Every structure is written in C-alpha cells, then in structure tokens.
Protein chains: 2
Amino acid sequence: MAVTQKVDMDGKPRVVIMNVAMHLFGKQGFNGTSMRDIANAVGLLPGSLYAHIESKEALLLEIVADGIGRFLAAVEPYVASSVSPLDRLRQMIIAHVEVVADNPERSQVVFHQWRFLSPEYIPEAIERRRRYETCFVEVIEEGVKAGLIRSDLNHRIAVLSILGAMNWTPEWFSPDGRLGAAQVGDLMADTLLGGILS
Amino acid sequence: MAVTQKVDMDGKPRVVIMNVAMHLFGKQGFNGTSMRDIANAVGLLPGSLYAHIESKEALLLEIVADGIGRFLAAVEPYVASSVSPLDRLRQMIIAHVEVVADNPERSQVVFHQWRFLSPEYIPEAIERRRRYETCFVEVIEEGVKAGLIRSDLNHRIAVLSILGAMNWTPEWFSPDGRLGAAQVGDLMADTLLGGILS
DNA sequence: CGCGGTAACAAACATTTGTTTATTAGCAAG
DNA sequence: CTTGCTAATAAACAAATGTTTGTTACCGCG
C-alpha cells in the first residue's frame with residue numbers, strides 16, 4: 001500500500017531490517033506497515049526476512065523495548081545527581097529531546113505503537129513507561145521540598161504537562177531544522193520551568 | 001482480532017456506527033480496526049454496514065473532519081475576544097481539554113489517525129490543524145506585544161510545548177477521574193502560563 | 001575443484017481484509 | 001391482504017496479510 005524506497009544493504013542484515021521497520025512503523029504505524037513494505041524497502045523478498053527475524057511482532061517488541069531503554073538510560077542518570085533539582089529537570093528535558101531527535105520515528109513507535117504488542121508484553125511496557133514518569137515526579141517533588149518549585153499547583157498535572165510537551169516533539173522536530181536537539185530542549189525547559197508570563 | 005462488546009442499537013444507525021467506529025479507531029487505530037470489528041460492536045453483519053455508510057475511509061474522514069471542527073469551534077471564539085490575552089489563553093486551554101474530555105477516543109483519532117486518510121484529504125486536514133495552532137500563536141503574540149508574556153523565549157517552541165501538553169491529555173485523562181475537564185484545564189493553564197518555579 | 005552452510009529466491013499457504021451481490025425479513029401505506 | 005421500501009442476512013468476491021516451504025545461488029574453506 002505504501003510506496004517505499006529501497007535502502008542500501010550494508011551492515012548486518014538484521015540491523016538493517018530493524019532500522020527499516022522502525023522507520024516504517026513510526027511513519028505508517030505497525031498495522032499500516034506490511035512485511036512486504038519492509039522487504040521492499042530493505043531490498044528483499046518478503047519471505048527472506050524470516051532468515052533474520054522471528055516474526056513481525058518480534059520486530060515491534062525489540063524496537064519498543066530498546067526504545068524505552070534509550071529514554072530511561074538517557075534520563076535516569078540525572079535523577080539522583082547532586083545538582084539542583086531545577087538543573088536536573090532541565091538536563092532531563094534536554095536529554096529526552098536528544099533521544100527524540102536522534103530518531104523521531106523510533107520515538108513515535110515507543111509512544112504510540114506499543115499498544116499493538118501482544119497482551120503478554122504490555123504490562124512490562126507500561127511498567128517501564130511508569131518508571132520513566134516516576135523519574136520526573138521524583139525530581140519535581142524534591143524541588144518542591146527544597147522550596148524551588150511552587151507547591152500550590154497539582155504536581156501530577158504538572159508532570160503530565162511536561163511529559164506531554166516532550167512526547168509531542170517527534171511530531172514537529174526536524175533533524176535538519178535550524179535548532180539542534182539540545183537547543184530545543186533548553187528552550188522547552190525555559191518555557192516549562194519558567195512559564196510564559198513576563 | 002479485537003474482542004469488542006455489542007452496543008445497544010438505539011438512535012439513528014448511522015450515528016451509532018459513527019460512534020462505534022470513533023471508539024475503535026481511537027483505541028485500536030484505523031488500521032487495527034476491521035469492518036467486522038465495527039459490525040460486531042454495532043450488532044450487525046459486516047455487509048449490513050454499507051446500507052448506512054459509503055466506505056471505511058468515509059467513516060474516518062467524517063470523524064476527523066467533525067473532530068477538528070469541534071476543536072476549532074470551541075477555541076476560535078476566544079481568539080478575538082476582548083479580555084486579556086492571558087485570560088483568553090487560559091480559556092482556550094480549558095476549552096481544549098473540555099473537547100478532549102468529551103470524548104478522548106475521538107481526540108486520539110483527530111491527533112493520530114488523520115494520517116491514514118487518502119492523500120487527497122490530507123492537505124485540508126493539515127491546513128485546519130495549522131489554523132488551530134495559529135489561534136494560539138496569535139493570542140501569545142498579542143500577549144507579548146502587550147508586555148504580558150516574556151519576549152525572551154522562542155514563541156514557536158512555547159506554542160508547541162503548550163499544544164503538546166494539551167494533545168497528550170487524551171492519553172491520561174479519565175472522564176471518571178476526580179478532576180473534571182474544566183479543573184484539569186485550569187490546572188494545566190496554571191502550569192503552562194506560570195511555570196513551575198516558585 | 002568440490003563441499004557445506006547461509007541466505008536469497010519463487011511460489012504457495014491459510015487468514016483476514018474491505019466490499020458487493022442476491023435474497024429475505026419487517027413494516028408502513030393503500 | 002397486498003404492495004413497496006428499507007435494511008437486514010448469507011454468501012461470496014478479489015486483494016492483501018503474515019508466514020512457510022522447497023529450491024537455487026552464493027561464497028569461504030578443504
């Protein structure tokens with residue numbers, strides 16, 4: 001259904017297939033991408049894929065698991081760092097945007113396609129997402145205790161607003177744009193931490 | 001594929017079908033929902049749907065077009081209102097959350113499934129989304145001119161952050177939750193306008 | 001050269017997909 | 001009761017889906 005472009009077949013085939021699938025799942029969705037789409041983009045016939053992968057869903061599982069892992073690995077180091085909670089939060093936002101920018105399609109898969117894992121894998125995916133959110137909750141609560149963050153607002157709403165703003169970035173961030181990932185993250189931190197009031 | 005529940009068949013059948021499709025498209029995605037899923041949930045055989053609708057894609061088109069329309073209709077009245085830009089922005093955020101809360105699944109379709117419209121309908125969908133974003137850009141720029149909003153931050157980033165936070169709400173908002181839509185919108189406005197710094 | 005194993009191909013498989021067709025039930029109007 | 005219309009059914013259609021199978025090309029190593 002989707003017109004796809006053939007991709008050069010260097011590197012280990014499994015990795016190439018994974019990258020192509022990541023791209024297509026991110027752009028067309030899991031259910032909108034056929035094994036023939038993937039095979040076509042890799043430059044193979046559909047059946048040939050199965051010499052390297054186990055199933056379509058194994059592809060999705062690996063992409064999602066690895067993807068969440070990247071976000072966790074990028075952000076968790078800052079959670080218990082010794083600098084100010086505010087600086088920590090800023091670093092975490094920047095780190096998040098950098099992971100998104102590194103591969104927006106992968107991020108879309110992580111954010112939206114995990115629902116299409118078979119039920120047995122869903123709980124772990126949800127749990128790891130929750131763990132990710134907890135990182136931000138902890139830092140913010142620490143900031144509140146330290147008197148650096150307003151205590152008069154709903155923390156849950158605040159965290160969800162920040163996460164929402166960040167999770168929307170793959171929708172508009174362009175790796176070829178004028179602003180780099182770190183700059184965008186920094187500007188978002190300016191907005192989200194300081195608000196827009198003058 | 002998906003296990004769905006039969007729904008009582010009152011009201012005009014076309015409306016029932018639309019509502020069921022909206023629900024399923026929002027929860028399982030357009031490509032993850034079969035006409036048999038819809039028929040099953042409505043309590044009809046697959047072929048019987050076509051006495052009321054033209055095609056699967058016509059369903060999506062109507063849901064998306066109507067959905068975007070609801071957001072525009074809810075927010076646009078505030079854009080040129082005479083109150084302070086800040087109050088206007090707050091009202092717009094509340095209005096947005098109220099539309100989401102009225103039907104989170106529809107919102108998910110509007111935000112994510114419009115990509116699966118056939119190419120001829122994509123430009124208009126994008127244009128109306130752009131128009132929606134422009135509402136917020138205008139109010140914010142006016143706030144900057146009035147000296148009410150910081151001029152030292154990137155407005156594009158600020159708008160995208162606010163829109164991101166709002167567009168993420170269907171992911172977590174629960175109509176049965178403790179907080180109502182208007183309250184959530186108000187709290188989000190607190191966070192997004194004032195920031196989290198104390 | 002010949003041998004062995006990896007990975008490609010070509011072709012088919014059983015389902016599932018969106019949709020159409022021909023037929024039948026239900027029901028208001030004459 | 002009969003006529004006529006709407007909307008349901010049952011059944012099938014072609015195409016697309018994920019995956020499997022048997023066979024062939026390739027390529028390093030003896």
Side-chain angles (χ1 to χ4, degrees), chain A residues 1-4 6-22 24-25 27-64 109 113 115-121, chain B residues 1-4 6-22 24-25 27-64 109 113 115-121:
Chain A
M1 173 123 310
V3 180
T4 50
K6 208 158 124 178
V7 102
D8 50 337
M9 181 61 169
D10 50 352
K12 307 280 170 277
R14 188 157 208 288
V15 178
V16 177
I17 293 173
M18 285 270 302
N19 285 338
V20 166
M22 214 172 59
L24 294 177
F25 288 173
K27 222 192 314 187
Q28 315 174 358
F30 178 71
N31 285 313
T33 304
S34 71
M35 293 305 277
R36 284 164 180 81
D37 287 338
I38 297 173
N40 195 356
V42 172
L44 287 181
L45 294 190
S48 308
L49 296 175
Y50 290 84
H52 308 280
I53 65 158
E54 198 193 333
S55 68
K56 190 189 182 188
E57 215 215 305
L59 270 180
L60 179 62
L61 178 60
E62 193 166 334
I63 294 170
V64 169
V109 178
Q113 304 303 312
R115 290 173 219 268
F116 304 112
L117 291 170
S118 41
E120 52 199 300
Y121 299 117
Chain B
M1 175 125 313
V3 180
T4 50
K6 207 157 126 177
V7 102
D8 51 338
M9 180 61 169
D10 51 352
K12 307 280 169 278
R14 186 155 210 287
V15 177
V16 177
I17 294 173
M18 285 271 303
N19 285 338
V20 165
M22 214 173 58
L24 293 178
F25 289 172
K27 224 192 315 188
Q28 314 174 359
F30 178 71
N31 285 312
T33 305
S34 70
M35 294 304 277
R36 283 163 181 81
D37 287 339
I38 297 173
N40 195 358
V42 172
L44 287 181
L45 295 189
S48 308
L49 296 175
Y50 290 85
H52 308 279
I53 64 158
E54 199 193 333
S55 67
K56 189 189 182 188
E57 216 214 306
L59 268 180
L60 179 62
L61 178 61
E62 192 166 333
I63 294 170
V64 169
V109 178
Q113 304 302 314
R115 291 172 218 270
F116 303 113
L117 291 170
S118 42
E120 53 200 301
Y121 299 117

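If you're wondering where the values come from, they're calculated on a predicted model, not measured in any experiment. Proteins get letters first, then strands, A, B, ... in listed order; numbering begins at 1 in each. The figures here come from the full heavy-atom set of this structure, side chains too, leaving out hydrogens, waters and symmetry mates.
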Item to check | Contiguous pairing runs of three or more, Watson-Crick or G-U under 3.5 Å, that involve DNA chain D | outcome: C:1-30 with D:1-30
Next on the checklist: Rounded at 0.5 Å granularity, tell me how far CD in E62(B) sits from CD in E54(B).
Outcome noted: 10.5 Å
Next on the checklist: Using 30° and 60° as the class boundaries, would you call the ring planes of F30(A) and F116(A) parallel, tilted or perpendicular?
Outcome noted: parallel
Next on the checklist: Measure CZ/F116(B) against C1'/dG18(C) and give the value in whole Å, please.
Outcome noted: 17 Å
Checklist outcome for this item: DNA chain C nearest-nucleotide lookup for P46(A) and P46(B): closer to the 5′ end is P46(A)
Item to check | Distance in Å, M22(B) CE paired with I63(B) CD1, rounded so as to fall on 0.5 Å steps | outcome: 6.5 Å
Next on the checklist: Between P on dT17(D) and CG on N31(A), what's the gap in Å once rounded to a whole number?
Outcome noted: 11 Å
Checklist outcome for this item: Separation of dT17(D) atom C1' from K56(A) atom NZ, nearest Å, is 8 Å
Item to check | L44(A) side chain, from C-beta outward: closest of dT17(C), dC9(C), dT19(D) | outcome: dC9(C)
Checklist entry - Taking all non-hydrogen atoms of both residues, which atom of L117(B) and which atom of V64(B) are closest, and how far apart? => result CD1-CG1, 4.2 Å
Checklist outcome for this item: L45(A) has its side chain closest, among dT19(D), dA10(C), dT19(C), to dA10(C)
Checklist entry - Among V20(A), L44(A), I53(A), which one satisfies side-chain contact (heavy atoms from CB on, under 4.5 Å) with I38(A)? => result V20(A)
Checklist entry - When the distance from CG of N40(B) to C1' of dA8(D) is rounded to whole Å, what number comes out? => result 16 Å
Next on the checklist: Tell me if a side-chain donor or acceptor on K56(B) pairs with a main-chain N or O of S34(B) at a distance below 3.5 Å.
Outcome noted: no
Checklist outcome for this item: Rounded to whole Å, the CG-P distance (L49(B) to dT6(D)) equals 19 Å
Checklist entry - What distance separates L49(B) CG from R14(B) CZ, expressed to the nearest 0.5 Å? => result 11.5 Å
Checklist entry - Does a nitrogen or oxygen in the side chain of H52(A) sit under 4.0 Å from OP1 or OP2 of dA8(C)? => result yes
Checklist outcome for this item: Regarding the side chain of Y50(A), the nearest nucleotide among dG18(C), dA8(C), dT20(D) is dT20(D)
Checklist entry - Starting at CZ of F30(A) and ending at C1' of dG18(D), how long is that distance when rounded to a whole Å? => result 10 Å
Item to check | Contact under 4.0 Å: S48(B) side-chain N or O vs dA7(D) OP1/OP2 | outcome: no
Checklist entry - Just how far, in rounded Å, is P of dA7(C) from CD of E54(A)? => result 16 Å
Checklist entry - How close or far is atom P of dT19(D) from atom CE of M35(A), stated in whole angstroms? => result 6 Å
Checklist entry - Among the nucleotides dA12(D), dT17(D), dA7(C), which one has an atom lying closest to any side-chain atom of R36(B)? => result dA12(D)
